[in-house]
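Each remark here refers to the structure printed beneath this line.
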Amino acid sequence: MNELQDLYREVILDHNRSPRNFGELDDADRIVEGVNPLCGDKMTLYLKLDGDKVEDVRFTGTGCAISVASSSLMTERIKGATTTESLELFERIHDMLAAPDFDVATANADLEKLAALSGVREYPTRVKCASLAWHALKNALTGSEAKVTTE
Ligand code: FES
């Protein structure tokens, strides 16, 4: 288990050090802002759709390592996915982060690098850090440009 935790930690650190898809997207179809009032950290998600596909996705903002890594991992995973696949992934990650009966050991195989976020389950305040980007994604996918807050 320690080896796995080390791997997860390395994924988080890597995505925090070198966030993927960081920056604004000039021709975004949807822009959603997210804030974590606990710490004041903010992120903005930019989504460009091509029909039912996520053609491009980028983000900006400041946050802790978990929040930046979560945004980075999310954008990496959903670029090129359909909106339906992306919403299903939102539900999976939501369960992974917060559902009491989610079985981390058996359910994580196909989540690949995203499984690195499962470590925050033990820390309720960190769950908010990890889930901010995903709630912004859900709003962007469903056409709601309402600001997202973790409270
Ligand atoms: Fe602010 Fe994690 S401490 S988003």
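Each ligand, and each atom within it, is numbered from 1 in the order the structure gives. Scope of the values below: all heavy atoms of this structure, side chains included, with no hydrogens, waters or symmetry mates.
Around atom 1 (Fe) of ligand 1, the protein atoms of type N, O or S that sit closer than 2.8 Å are C39 SG, D41 OD2.
Distance alone, capped at 3.5 Å, places no donor-acceptor pair between the R30 side chain and the S144 backbone.
Of all the heavy atoms in L114 and W134, the pair that sits closest is CD2-CZ2, 3.7 Å.
For the atom pair CG of L132 and OG1 of T150, the computed distance is 6.0 Å after rounding to the nearest 0.5 Å.
Using a 4.0 Å cut-off between charged side-chain N and carboxylate O, R92 and D95 make no salt bridge. Ionic pairing of D14 and R20 is present here: one or more N-O contacts between side-chain nitrogen and carboxylate oxygen are shorter than 4.0 angstrom.
At least one side-chain heavy atom of P37 sits less than 4.5 Å from a side-chain heavy atom of T149.
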